[in-house]
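Owing to the predicted nature of the structure, the values given are computational and were not obtained by experimental measurement. Note on naming: letters A, B, ... go to the chains in the order of the sequence lines (proteins, then strands), and numbering restarts at 1 for each one.
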Amino acid sequence: MPELPEVETVVRSLAPRLVGQRILAITTTPSRVFRGQQQVITACLPGQQIHQVQRYGKNILLTLDRHRVRIHLGMTGKLLFAPAPSTHPRAMLALEDALLVFDDIRQFGRFELLPAEESGPVLGEDALEIAPATFAARLRERRGAIKNLLLNQVFLRGMGNIYTDEALYLARIHPLCPGFLVPRRKALALHTSMRALLQEAIAAGGSSISDYVDASGQRGAFQDRHQVYGKEGDPCPRCGAAIRRMVVCQRGTHYCPRCQRMPSVR
DNA sequence: CGGAGCCCCTGTAAGC
DNA sequence: TGCTTACAGGGGCTCC
């Protein structure tokens with residue numbers, strides 16, 4: 001499931017091969033990933049040059065001559081350069097020097113056309129860029145559970161289920177702890193561990209749990225360094241207590257019941 | 001604001 | 001072995 005590090009890895013593998021290239025042709029198969037824009041997309045993309053490839057949270061933005069393409073990988077979306085194998089191609093872009101395929105098994109992703117200057121919905125600050133003090137101050141303003149806040153892209157952009165569980169574990173914060181009840185010291189610790197975690201994951205090429213691969217079809221390596229995600233029942237690497245799993249906003253949530261305590265109410 | 005619940009979608013794993 | 005069912009979850013939506 002692509003989150004910030006996976007999307008960043010994809011963008012890095014795409015950029016050198018896309019910038020400056022002209023889109024010669026595009027073919028699509030009917031899919032909800034186009035949100036009704038399939039006709040417009042096939043009509044508008046050919047002939048335009050790609051000027052920039054950026055990450056905006058978990059979105060990939062391609063800046064063209066007259067438009068911008070916003071790609072979200074959802075759960076199983078991939079951007080692949082031929083000849084990397086593709087099983088569920090939704091869009092195929094013929095470029096001057098490459099063939100790029102947007103593949104998405106479950107179609108939770110999106111491939112949509114935006115006006116040139118737009119980036120889609122306005123999201124919160126990037127998880128890798130937000131300043132520690134700002135992060136702590138924002139948390140203090142909210143009553144919602146910390147896990148929900150970190151997953152909320154309008155609050156903070158880039159974090160997904162896996163890295164949220166890992167970051168909360170590293171900072172020893174219970175996933176259900178309300179934002180304003182996270183002590184400033186722990187909020188700063190969370191900022192530090194989140195940043196380090198994301199950077200290490202990017203350096204490892206992201207986490208490949210099931211489907212994720214970069215644009216060359218390469219899997220990431222960070223899944224081997226997860227401490228709690230997918231580790232229900234395993235001993236906590238720090239204290240040995242059994243890692244627990246619960247559901248928070250419909251997401252499997254993994255944590256150490258001993259290391260990650262709720263603040264005591266008194 | 002915030003939480004709960006549902007939906008989309010399909011491959012995989014578990015259960016019978 | 002083969003069928004059925006549950007589950008995975010990013011994000012968008014409604015409802016209270």
A:Phe111 vs A:Phe102 aromatic rings, parallel, tilted or perpendicular, using cut-offs 30° and 60°? tilted

Nearest-Å distance for atom pair [atom1]/[atom2], residues [X] and [N]:
X	N	atom1	atom2	value
A:His254	C:dC7	NE2	P	14 Å
A:Arg106	C:dG11	CZ	C1'	14 Å
A:Gln250	C:dG11	CD	C1'	12 Å
A:Leu4	C:dG10	CG	P	13 Å
A:Lys147	C:dG9	NZ	C1'	10 Å
A:Arg32	C:dG12	CZ	P	11 Å
A:Met75	C:dG10	CE	P	6 Å
A:Met159	C:dG11	CE	P	12 Å

What pairs with A:His88 under ring pair (Phe, Tyr, Trp, His ring centres under 6.0 Å), at least two apart in sequence or on another chain? none

Could you check whether [X] gets within reach of a base, just the sugar-phosphate, or nothing at all, counting any heavy atom under 4.0 Å?
X	value
A:Gly144	sugar-phosphate
A:Gly252	sugar-phosphate
A:Gln107	sugar-phosphate
A:Asp104	nothing

Going by number, which of residues 135-143 of chain A have a non-hydrogen atom under 4.0 Å from DNA chain B? A:Arg142, A:Arg143

Do [X] and [Y] sit in one hydrophobic cluster, given that two such residues count as connected whenever their side-chain heavy atoms are within less than 4.5 Å of each other, even indirectly?
X	Y	result
A:Ile130	A:Leu168	yes
A:Met159	A:Phe135	yes
A:Tyr229	A:Met75	yes

Chain A contact limits on DNA chain B, taken 5' to 3' with a cut-off of 4.0 angstrom to heavy atoms: B:dG2 to B:dG11

Is the number of heavy atoms from other residues, nucleotides or ligands under 6.0 Å of A:Glu117 CD greater than 12?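 No, not enclosed.
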
Would you please confirm or rule out a distance under 4.0 Å between OP1 or OP2 of [N] and any side-chain N or O of [X]?
X	N	answer
A:Tyr229	C:dG9	yes
A:Arg245	C:dA8	yes
A:Arg251	C:dA8	no

Pair A:Arg55 + A:Asp126: basic N to acidic O under 4.0 Å: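 Yes, charged N to carboxylate O under 4.0 Å.
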
Do side-chain atoms of A:Tyr169 reach the backbone of A:His254 as a donor and acceptor pair under 3.5 angstrom? no

Begin from the C-alpha positions of A:Glu3 and A:Tyr212 and carry the test side-chain hydrogen bond (donor to acceptor under 3.5 Å, both in side chains) through to its verdict. CA-CA 10 Å; A:Glu3 304 181 23; A:Tyr212 168 74; over 6 Å; no

Within-4.5 Å side-chain heavy-atom neighbours: A:Leu190 and A:Ile146: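 Yes, close enough: below the 4.5 Å cut-off.
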
Going by centres under 5.5 angstrom and planes under 30 degrees, do the aromatic ring of A:Phe108 and the base ring of C:dG11 stack? no

